[in-house]
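As the structure is a prediction and not an experimental result, all values here were calculated from the model. Numbers restart at 1 for each chain; the letters A, B, ... are given by sequence-line order, proteins then strands.
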Amino acid sequence: MDYRQTLNLPKTGFAMKANLSAREPEIQRFWKEKDIYGKVLERTRGNQAFILHDGPPYANGDIHLGTALNKILKDIIIKYKSMRGFHCPYVPGWDCHGQPIEHEVEKRLGEERGRLDLMEVRRRCREYALHYVGRQSEQFQRLGVLGDFEDPYLTLKPAYEAANVRILAELVGRGLVYRSRKPIHWCPRCMTALAEAELEYREKESPSIYVAFPLLDALPGRGDEGAAVVIWTTTPWTLPANVAIALHPDMEYVLADTSGGCLLLGRPLLEEAVKGMRLSSCQELASYKGSELKGLRARHPWRDRASVLVNSEYVTTGQGTGAVHIAPGHGEEDYYVGLEYDLPMPMPVDDAGRFTGEAPEFEGLFIEDANERILADLRGRGLLLGSGELLHPYPHCWRCKGPVIFRATPQWFIGVDREYNGSTLRLRCLEAVSGVEWVPSWNIRRMKGMLETRPDWCISRQRAWGVPIPAFYCNACGRELLTPQSLRKVEEMIGAEGSDAWFLKDVREILGEGFSCPGCGGSDFRKETDILDVWFESGVSHEAVLHSWEGLTWPCDMYLEGSDQHRGWFQTSLLTAVGARDAPPYRSVLTHGFVVDGEGRKMSKSLGNVISPLDICDRLGADILRLWVAAADYTVDIPASQEIFDRLVEAYRRIRNTLRFLLGNLFDYDPERDAVAPGDMEEIDRWIISRLQGLVRRCTQAMDRYQLHLVYHALHNFCAVDLSALYLDMRKDCLYTFAPRSRQRHSAQAAIYRVFTAITRLMAPILCHTAEEAWQALRGGAGADSVHLQEWPQVEEDLLDAHLEDRFEQLLQLREMVTKSIEELRLAKEIGTSLEAAVDLKVPEHMRGLLGEREGLLPTIFIVSEVHVDYGGAGEVEVAVRRAAGSKCARCWNFRASVGEDPAYPDLCDRCLPVVMEWGGGRG
RNA sequence: GGGCCUAUAGCUCAGUAGGUUAGAGCGCACGCCUGAUAAGCGUGAGGUCACUGGUUCGAAUCCAGUUAGGCCCA
């Protein structure tokens, strides 16, 4: 007879094959239909808040692994905190303005470019940004992220735009905003500023010249020998704007008597320079350290002012003479040297790249055309020591393809060292940083280091797509008008109508009456055309968002972004918050590393090692991606590779099958009807319940420290070892073969029920879809609550039984010896399954305490048919395994002497016989 | 070149305050089972703790340097 149907074999609709790519969208629909996000907020309303403020990704392109990692981390933390009872509204946001979008739109315009007016460009940029907001929103939700996706914050919304002006007004009120010049990339043909991303680097042939700057002061310890310091440059046209010559403080400089005169050159570059200038003789006279020469003056080729020798770490030994010509208006490094030494910044070049009256010798000439004249002039003065041509990579304009230049233009700045109320923004920020919790903790070093060295913040951009810098200029005297009062007017307007209004309305419409120039008292103004740096825009998100969505708080509890944001959003947010609101906008800052490949190298198209999160979702499922996030120690680089995902899929399967098996054994269990209190459970069931408490404790501690990978490992280990390899394997005999309503089986089921309902909740923040699917499966689906509406499991101290666990630890050690012995027999082909084995233990007397009362449990622990214990052992435990006596019971597969005792059921053992009788009776 | 950080089995991670033969899971190899079955179980083999030097009775752990890699800056 086939006794299969008399067994309580597992039954469940929870499929072994996950098919996540199809199932997850269904679960997400379920969340949406039931408004689970709203219900979670409802459940926690009135509780303490935990606000994670979303850093806005840029609305350009599809999400990549890094963006996915970031959003999943946030989502896991929010789901966990919500289950812990915190009120966690999550408002996702997008960075919608800025040069990359404008550049993309312009590229697509093609022929139309140039014909479109500013407003049309802005309209198209807006369309473009909103398109990608929609797209990324769907992609984020596909990852299982829950949040207020119906009403996200967008930096292009009027209310958000107004916040920029509000913060700016505060900064202006504190005297932190000023206007000054700074060199930027400039295309003299298009007459426009260019961003780094708009540059195309190509080879260019430039003049390569050596120029003598005769020293006005004597060298230390020497008389006046008419010595000259020699510079090398590829941009002769920047020489009229020269104000200094930079030497490396640690480099050695040689004074040499040469065929070209008495020259000062850097020692490491001496040979090359002598060759470059074709000098026939060169005799060393003296040598100096760069730091010794600081402060000496040289004669400028054309101006009355001296060119002063300064020290700079920027000077390299790669090319040139070790003496670098400095024109602060024509180079970024030059600019910083200028700031350091408080040098003047002449700018004799106009918008069209022509020399102005500031360089009368070359006035009217286009810079490239002037090179020749400059060379001739220098030669005439005897200052040109050598000239040639050089092919080198040089930035070109993406539009007209011509070479671009560095040119100082007026910009707006936030001064970090301006004093107000007895301190500066820099110092206040440094102070504020100490009150913030940095995770990992060493991030405070990085943040402080960057704050200490950062320059003033240039917040203006010569662009169309963004929020205007709402300044006015007096048409009479040119002076700017930017006051808290004028800004309030603009804030009102932008808040009501959006930033387009700035461009559409004239000054009087915006300002109204009552404003006059602080310089000349005039009342005729024009508008600034620059817009704000997008970093300023995202930097005011705390102001724009945290006050404006229900339930959010200022400051918030956490910012969570990649470690690159120390220089980005963490810092810009801190500057605007401390500058305008006198406090940091966040209580804690958590950072993660960057995604790298299996070899630890960064992901890049050129390396061909890029993995798309959307592709992973389609092929493997979002839960696999979430498992990847949870499994990695994200404080450092996060590796991603095919192999890693393969391993994660295996791990996922293990967890899923464990859930499935648990569910399968609960098919006939009713927690109301069949419950068994832990105190009444079988010892083995109390053991797994106790182990479960340890798991809950470990997971809770790890989550509280944001150490997700410890949760993953703990959960996986629990499923693979405690449950699959041990508890469930040992308990199958009871679950399958005991009478369905027997006390022992109910005890096992009650334990399994507790385990199941706990681990599904433990994994819910991470495997949010799978946990939901399993949770629904337990209740048969319809009308069930979401697992995300459940509370995080609590450690039940009274169920934690260290003594019991210790006892089981010893039993499991015995088990290990037994399984090894069984394996020997199996290898010898004497037995197959362990139920074919009988075990004889010879143990010392002192083990009677451990084993005496548990002899009946030993066959279960070892999963064998028979165990005999002899307490007459001397020292070591001796294990002997032999084939079990008796015959195999056709139902429970144990080997029993009792099989065959009942002629009506000759293949049943005495344990199965009554169960079958009852089963038959129950059926009849 | 500068700042911050990382390096433990093929993979993901533990390794508490320097102290026995460095752990886990997965993968792999071999075997078992066929009542978790595109599952489950057992046994086993894998590590010069990146490298070099130092401190110490003793270093994966502390210090210095080197190499490789990441982020930011130049």
Side-chain angles (χ1 to χ4, degrees), chain A residues 2-5 7-12 14 16-17 248 313-318 332-333 336 440 442-450 452-455 562-568 571 591-603 627-628 630-633 635-639 641-654 656-665 707 709-710 712-721 724-726 728-730 732-733 735-737 815-816 818-827 829 831-836 863 891-893:
Chain A
D2 179 14
Y3 293 107
R4 231 185 116 99
Q5 52 194 317
L7 295 167
N8 319 301
L9 294 179
K11 262 186 264 181
T12 174
F14 187 81
M16 180 180 285
K17 191 166 165 15
H248 196 285
E313 304 277 341
Y314 295 132
V315 177
T316 64
T317 55
E332 188 151 28
E333 292 169 2
Y336 287 114
W442 42 258
N443 276 339
I444 191 170
R445 275 202 292 271
R446 187 164 180 181
M447 196 67 203
K448 282 194 164 173
M450 287 183 170
E452 276 159 8
T453 56
R454 72 150 301 141
S563 59
D564 56 334
Q565 297 304 329
H566 285 96
R567 183 160 291 272
Q571 194 174 141
T591 64
H592 55 79
F594 274 69
V595 181
V596 294
D597 70 12
E599 271 72 54
R601 265 180 283 275
K602 68 169 131 195
M603 291 216 162
L627 206 56
W628 166 70
D633 174 4
T635 58
V636 294
D637 300 335
I638 302 109
S641 68
Q642 190 56 53
E643 183 186 3
I644 289 168
F645 280 108
D646 286 348
R647 293 293 92 82
L648 287 164
V649 168
E650 310 268 2
Y652 173 82
R653 263 210 291 270
R654 188 22 142 321
R656 184 177 179 91
N657 273 324
T658 305
L659 289 176
R660 178 175 132 93
F661 192 67
L662 295 173
L663 277 168
N665 282 293
Q707 296 176 320
H709 59 292
L710 301 186
Y712 160 79
H713 280 285
L715 264 172
H716 185 251
N717 259 35
F718 190 75
C719 285
V721 181
S724 207
L726 298 178
L728 294 173
D729 208 27
M730 297 189 296
K732 275 180 202 167
D733 183 62
L735 287 163
Y736 292 179
T737 70
R815 183 184 201 261
E816 222 177 291
V818 170
T819 51
K820 280 195 218 299
S821 298
I822 289 175
E823 188 63 20
E824 282 170 29
L825 243 66
R826 192 148 35 215
L827 231 53
K829 300 289 172 196
I831 58 165
T833 156
S834 60
L835 281 179
E836 291 169 38
I863 320 185
R891 185 170 175 277
C892 71
W893 293 351

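Within the nucleic acid shown, L7(A) comes within 4.0 Å of at least one base atom, counting heavy atoms only. Using a 4.0 Å heavy-atom criterion, one finds that K448(A) contacts no nucleic acid atom at all. Nucleic acid contact class of H713(A) (heavy atoms, under 4.0 Å, all strands): base. Among the protein residues, R4(A) comes within range of the nucleic acid bases, having at least one heavy atom under 4.0 Å from a base atom. At the heavy-atom level, G600(A) lies under 4.0 Å from the strands shown only through sugar-phosphate atoms. Note on M447(A): nothing from the nucleic acid sits closer than 4.0 angstrom, heavy atoms only. Counting any heavy atom pair closer than 4.0 Å across all strands shown, E333(A) reaches sugar-phosphate atoms only and no base atom. Heavy atoms of N717(A) sit under 4.0 angstrom from primed sugar atoms or phosphate atoms, though from no base atom. Within 4.0 Å (heavy atoms only), A651(A) reaches no atom of the nucleic acid at all. Note on G593(A): nothing from the nucleic acid sits closer than 4.0 angstrom, heavy atoms only. No contact: R454(A) has no heavy atom under 4.0 Å from any strand. Using a 4.0 Å heavy-atom cutoff across all strands shown, K732(A) reaches at least one base atom of the nucleic acid. Among the heavy atoms of the strands lying under 4.0 Å from S724(A) is at least one base atom, whether or not backbone atoms are also near. Residue W893(A) is classed as a base contact, given a heavy-atom separation below 4.0 Å to a base.
Map R445(A) and D729(A) each onto its nearest nucleotide of RNA chain B; the residue landing nearer the 5' end is R445(A). Between P639(A) and E823(A), the one whose closest nucleotide on RNA chain B sits nearer the 5' end is P639(A).
Checking U48(B) for Watson-Crick or G-U wobble geometry (two distances, each under 3.5 Å) identifies no partner in any strand. Base pairing of C57(B): its partner is G19(B), meeting the Watson-Crick or G-U wobble criterion (both donor-acceptor distances under 3.5 Å). C26(B): Watson-Crick or G-U partner is G10(B), with both key distances under 3.5 Å. Under the Watson-Crick and G-U wobble criteria, each requiring two contacts below 3.5 Å, nucleotide G40(B) is paired to C32(B). For G1(B), the paired nucleotide is C73(B), the pair qualifying as Watson-Crick or G-U wobble because both relevant distances are below 3.5 Å.
Taking the P atoms as reference points, U37(B) lies 13 Å from C41(B), given to the whole Å. When the C1' atom is compared between A68(B) and U52(B), the two are found 15 Å apart, to the nearest whole Å. For the P atoms, the distance from A64(B) to U12(B) is 28 Å, rounded to whole Å. C62(B) and G19(B) have their P atoms separated by 11 Å, with the value rounded to a whole Å. Of the P atoms belonging to C5(B) and U43(B), the separation is 43 Å, rounded to the nearest Å. Atom C1' of A14(B) sits at a distance of 13 Å from the matching atom of A9(B), rounded to the whole Å. Distance noted for atom C1' between G69(B) and G27(B): 25 Å (whole Å). Using atom C1' as the reference point in both G40(B) and C26(B), the two lie 16 Å apart (nearest Å).
Electrostatic pairing of E824(A) and K820(A) does not count as a salt bridge here, judged by no charged N lying under 4.0 Å from a carboxylate O.
Contacts between chain A and RNA chain B, taken as any atom within less than 4.0 angstrom of a protein heavy atom, begin and end at G3(B) to A74(B).
Minimum heavy-atom separation, I638(A) to A632(A): CG2-CB, 3.7 Å. The two residues M450(A) and H566(A) make their nearest non-hydrogen contact at SD-CB, 3.8 Å. Residues I831(A) and E836(A) share a closest heavy-atom pair of CA-OE1, 3.5 Å. In this structure, D633(A) and H709(A) approach most closely via the heavy-atom pair CA-ND1, 4.0 Å.
With a 6.0 Å cutoff to the six-membered ring centre and a 45° limit on the axis angle, R891(A) does not count as a cation-pi contact of Y736(A).
Taking the syn range as angles within 90° of 0, the glycosidic angle of G46(B) is syn.
Within the 4.5 Å cutoff, the side chain of N665(A) has heavy atoms near those of the F661(A) side chain. Side chains of F594(A) and D564(A) form a contact here, defined as non-hydrogen atoms less than 4.5 Å apart.
Of the options L728(A), L726(A), D733(A), a side chain to side chain contact (heavy atoms under 4.5 Å, CB included) to M730(A) is made by L726(A) and by none of the others.
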